Amino acid sequence: MKRREILKGLTALPLAGAVPAAASSTTTTPKAVARERDIFKELGVRTFINAAGTLTYMSGCLMRDEVVDIINSTSKHFCMIDEVQDKVGERIAQLVHSEAAMVTCGAFSAMTLGLAGILTGEDVRKVEQLPHLEGTGMKSEVICQKSHNERYNHAFLNTGCKIVEVETIEDVEKAINEKTALLHFLNITANHGQIKHEEWVALGKKHNIPTSIDIAADVPPVSNLWKFNDMGFDLVFISGGKAIRGPQSAGILMGRKNIIAAARLNAPPRGYTVARGHKVNKEEILGMYIALEKYIATDHDKEWKEWETRIAHIQNAVKDLPGITTKITIPELGNVTPTLSINWDDTVVKLTGREMRDRLRNGNPSIEAGFSGLPLYHYQAGSDSIDPAVAETLKGANTVRVTAWMLQPGEEKMVARRIREELLTASASKS
Ligand SMILES: *Cc1c(COP(=O)(O)O)cnc(C)c1O
């Protein structure tokens, strides 16, 4: 250790004055190590136990240790961004059974970039013209099922395209014209639309129009990483900062070689493009790759059992309290993880779901939990706030929802204790 570092370490010690002067000499090694700077505390930023899930507004996920290590070690060197994207893209493509892949700054970015690639091809003049499509000869429409037109499709609008909604196969056939750039599918609402995955892919092949699928939050199961590439979708979009536990500001675009090559032309390091703002640094590109590799190599059965054990622990702590009902469900699509709903009779427990959420948030330790009976994706789009129309239907929903996949080992004990405490307090306050 250098003398300067030792001195720095000493000033961070509360009892620095009590340390003998000899300790600052380079010949002795003081046992005390510099205390880590607590930037959250310094700035007054609240940290919390995340029992809610992989929500962007809660900073998504905690990166795997291996990812943080790679980010640290690669931050000490320069390299060419294109070279990193080339090499990482090849490896990712092998892992997910696609022709090609690139790291983007999230699934949303992958959607914009993938579509931009379709529109421009490898014509750099067109790349510079986006998002102005008129008079350029570029296509301008994306077709998707009405129930698949979620707010994230805004990513497509950024290229200047508009969305055309359809419901039936006949609708698709009618809607397709010379302006159709893409047929897009949203996996999370796959069961809400009439047209199924395979039919969607077949429509694309029949009309020679690329098909895409948004699977942003759809691992586990891990097999979804390759399932839709194998099925024949031309583009697949996924988030890096959800269950994969890569950088929150990263994602992956997988798909056809020619489209990915064209998407790369629209992406940094090139400037003057619609996606110049979608910059991903080398550390994150490499971190995303490592996260994916580690995610695939995870013992998924063991991880699932661990989530179940934690959820059962929380359930057991509250299920026998008066007025309480509990239920564990596994969403069929999207955020597929054991999810515990705790409901209460509000004549026994004087509390609303939102009040419970606030008490957990303001308690010690601070805990974030879901507070509505809605599927998580309804309020992960931006913030705490739910669409007012939807919020209305939640009145009287005395529910707290808990997932365990973003908990650190042992945190389930604190979550169980705190929820139990609040339920007991609220039922005692009645009498
Ligand atoms: C999270 C999510 C996105 C956005 O992904 P980012 O990686 O945050 O850009 C898009 N679509 C769906 C369905 C999502 O759940």
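Residue numbers start at 1 and run along the sequence shown. Counting convention: from 1, in listed order, for ligands and their atoms alike. Bear in mind that the values here come from a model prediction, so they are computed numbers and not experimental data.
- For ligand 1 and Lys242, the ligand atoms under 4.0 Å from any heavy atom of the residue are 1 (C), 2 (C), 3 (C), 5 (O), 14 (C), 15 (O).
- Close approach to Gly106 involves these atoms of ligand 1, each under 4.0 Å from a residue heavy atom: 7 (O), 9 (O).
- For Gln248, the closest heavy-atom approach to ligand 1 does not fall below 4.0 Å.
- Residue Leu186 has no nitrogen or oxygen atom sitting less than 3.5 Å from a nitrogen or oxygen atom of ligand 1, judged on distance alone.
- Using the six-membered ring where Trp is involved, His197 and Phe233 have ring planes that are perpendicular, over 60° apart on the 30 and 60° scheme.
- Every atom of ligand 1 is numbered from 1 in the order shown, and the set under 4.0 Å from a heavy atom of Ala217 is 15 (O).
- Looking at Met111 against ligand 1, nothing comes within 4.0 Å, counting heavy atoms.
- Of the residues Arg359, Arg46, Arg357, the one that meets the salt bridge (charged side-chain N to carboxylate O under 4.0 Å, His left out) test with Glu368 is Arg46.
- Residues Arg64 and Asp69 are not paired through a salt bridge, judged by the lack of any N-O separation under 4.0 Å between the basic side chain and the carboxylate.
- Using a 4.0 Å cut-off between charged side-chain N and carboxylate O, Glu306 and Arg310 make a salt bridge.
- Each of the atoms 2 (C), 3 (C), 10 (C), 11 (N), 12 (C), 14 (C), 15 (O) of ligand 1 lies under 4.0 Å from some heavy atom of Ala216.
- Here the shortest heavy-atom distance to atom 11 (N) of ligand 1, taken over Thr112, Asp214, Thr189, Thr56, belongs to Asp214.
- Using a 4.5 Å heavy-atom threshold, the side chains of Asp218 and Leu333 count as separate.
- The pair Glu421-Arg418 counts as a salt bridge, with a side-chain nitrogen and a carboxylate oxygen less than 4.0 angstrom apart.
- Contact annotation for Phe108 and ligand 1: heavy atoms of both the backbone and the side chain come within less than 4.0 Å of the ligand.
- Side-chain contact check for His148 and Glu165: no donor-acceptor pair (N or O, by modelled atom type) lies under 3.5 Å.
- Among the atoms of Tyr152, none of the N or O lies under 3.5 angstrom from an N or O of ligand 1.
- Every atom of ligand 1 is numbered from 1 in the order shown, and the set under 4.0 Å from a heavy atom of Ser239 is 1 (C), 5 (O), 6 (P), 7 (O).
- A side-chain N or O of Asn266 and one of Thr120 form a donor-acceptor pair less than 3.5 Å apart.
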